[in-house]
**Student:** 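Sharing a structure here in structure tokens format.
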Amino acid sequence: MANNNTLFIGKVLQRYSSLVSTNATAKELLSKSSPIEGTVISASFQTAGKGQIGSNWESAPDSNLLLSIILYPNIAAFQTFELNIFLSLAVRNWAREWIPQPVEVKWPNDIMVNNQKLAGLLIQNSFQGSKLQYSILGIGINVNQAQFETYNPPATSLRLLANTEFDLETLEQSLFASIEQYYLKLKQGKINQLRTEYLSHLWNFRQAAIFQPANGNPFRGMISGIDKQGKLLIQTADEERAFGMKEVKLVRNEK
Ligand code: BTN
């Protein structure tokens, strides 16, 4: 299907039936050419899809959206969390068009519905000094898959949530439009607006909970924000603590 609803995202679209990982193919393409901004690599199946921090991304064949988008954001290394913000919001907002349930963003960038994971994002950046050279936005969205292995958090799909099957190409086109719309907001310098929107959809924002840090004892607190580097801020009775990826887990909510 020709993509006529965007200016640059998905104008060049390389579709594959099977790849090791769309992020890996995007990286390979970048190593031997200069793909135009918005180039998309999409696959119906991945033999070794990558997840966050060395995990795998499992997806049944021909069922889900698995794609990577190449961007050249004009931002410095210390600003890269802005990419997580805009992309999470773009996918969250897009998902709301297709399902009636509230959709939340679990920091840093899991897309959640009813405490189940609908989509995962893997942003891989390459730097030249302190400047971002390119960014690969890897996006995995569970669409028509109806059965999942036991994951933590458990997985869900649009089909399970809406009780209907979806046309993947139609979804892909509207996803590109949402991503472009949010990327343009970032480019227009609307990061404060995006941060506010991100917090308004943040999973467990300002909810009292028990947290387990990777090092140390469990503690009581509530998610209070995200700092400029993208660390998760948790307010306790006497201080605000900042955590990087995988440095803390929410164990349970407090009544
Ligand atoms: C996560 O762990 O939540 C991130 C998952 C990201 C999965 C997507 S699927 C398309 C792209 N290619 C990959 O190998 N990974 C990302």
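Not measured: the values here are computed from a predicted model. As the structure lists them, so they are numbered: ligands from 1, and atoms in each ligand from 1.
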**Student:** Counting each atom of ligand 1 from 1 as listed, which ones have a heavy atom of G51 under 4.0 Å away?
**Tutor:**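 Counting from 1, the qualifying ligand atoms are 1 (C), 2 (O), 4 (C), 5 (C).
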**Student:** Heavy-atom contacts under 4.0 Å between N109 and ligand 1: side chain, backbone, both, or neither?
**Tutor:**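 Contact part for N109 vs ligand 1: neither.
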**Student:** Distance alone, cut at 3.5 Å: any donor-acceptor contact between the side chains of N109 and Q52?
**Tutor:**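 There is such a pair (donor and acceptor under 3.5 Å, judged by atom type) between the side chains of N109 and Q52.
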**Student:** Will you find, in the side chains of W107 and N204, an N or O donor that is under 3.5 Å from an N or O acceptor?
**Tutor:**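 Checked: W107/N204 side chains show no N/O donor-acceptor pair below 3.5 Å.
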**Student:** Atom 3 (O) of ligand 1: which protein heavy atom is closest, and how many Å away?
**Tutor:**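 Its nearest protein heavy-atom neighbour is K117 NZ, 2.6 Å.
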**Student:** Flag W57 as yes when one of its N or O atoms lies below 3.5 Å from any N or O atom of ligand 1, and as no otherwise.
**Tutor:**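 No, there is no polar N/O contact under 3.5 Å.
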**Student:** List, one per line, each side-chain donor-acceptor pair under 3.5 Å for residues 76-91, sequence neighbours excluded.
**Tutor:**
unit_1: Q79; atom_1: OE1; unit_2: A76; atom_2: N; d: 2.7
unit_1: T80; atom_1: OG1; unit_2: A77; atom_2: O; d: 3.2
unit_1: S88; atom_1: OG; unit_2: N84; atom_2: O; d: 2.6

**Student:** Within ligand 1, which atoms have a heavy atom of L66 less than 4.0 Å away?
**Tutor:**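 Near L66, meaning under 4.0 Å from one of its heavy atoms, ligand 1 has 9 (S).
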**Student:** Can a donor-acceptor pair be found between the side chains of S63 and N144 at a distance below 3.5 Å?
**Tutor:**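 Checked: S63/N144 side chains show no N/O donor-acceptor pair below 3.5 Å.
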**Student:** Could you list the atoms of ligand 1 found under 4.0 angstrom from a heavy atom of T22?
**Tutor:**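 Matching atoms, with element in brackets: 10 (C), 11 (C), 12 (N).
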**Student:** At less than 4.0 angstrom from any non-hydrogen atom of D110, what atoms of ligand 1 do you find?
**Tutor:**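 Checking each atom against D110, I get 3 (O).
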**Student:** What's the shortest distance from atom 15 (N) of ligand 1 to any protein heavy atom, and which residue and atom give it?
**Tutor:**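 For atom 15 (N) of ligand 1, the nearest protein heavy atom comes out as K50 O, 2.7 Å.
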**Student:** Would you say the side chains of K231 and Q229 form a donor-acceptor pair under 3.5 Å?
**Tutor:**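 No.
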**Student:** Please name all residues satisfying side-chain contact (heavy atoms from CB on, under 4.5 Å) with N93, sequence neighbours left out, ordered by chain then number.
**Tutor:**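 Expected list: S178, Y182, E197.
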